[in-house]
Trainee: 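Got a structure for you, written out below as structure tokens; questions coming shortly.
Just so it is clear, the structure is predicted and the values come from calculations on it, not from any experiment.
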Amino acid sequence: MEIDKKPEAPAEEKEWENPVAPEKPADHREEEQLERQMKEAKRRHDNLEENQDEASDNEQTKN
């Protein structure tokens, strides 16, 4: 049984959406979405920290 191998394409230059600053999204909506995701992640992180603090306080009062 022979496996068909696809020849690799020659290295082509990447066409960036935003050639001036390729690390930034070209569409401002993508940037807004990233900001919303960061806020949500921070809110979840803060919520987890609060829950851990409450749990440690409850354990200390039991002892």
Trainee: Do E40 and R43 meet the salt-bridge criterion of a basic N to acidic O distance under 4.0 Å?
Mentor: yes
Trainee: Going through the distances and angles, do E35 and E31 end up as a side chain to side chain contact (heavy atoms under 4.5 Å, CB included)?
Mentor: CA-CA 6 Å; E35 289 176 14; E31 191 169 338; 4.1 Å; yes
Trainee: Under the side chain to side chain contact (heavy atoms under 4.5 Å, CB included) rule, what do M38 and L34 come out as? Steps first, then yes or no, please.
Mentor: CA-CA 6 Å; M38 286 293 294; L34 288 173; 5.5 Å; no
Trainee: Can you tell me how far NE2 of H45 sits from CG of N47, rounded to the nearest 0.5 angstrom?
Mentor: 11.0 Å
Trainee: Which distance, rounded to the nearest 0.5 Å, do you find between the CZ of R36 and the CD of Q33?
Mentor: 6.0 Å
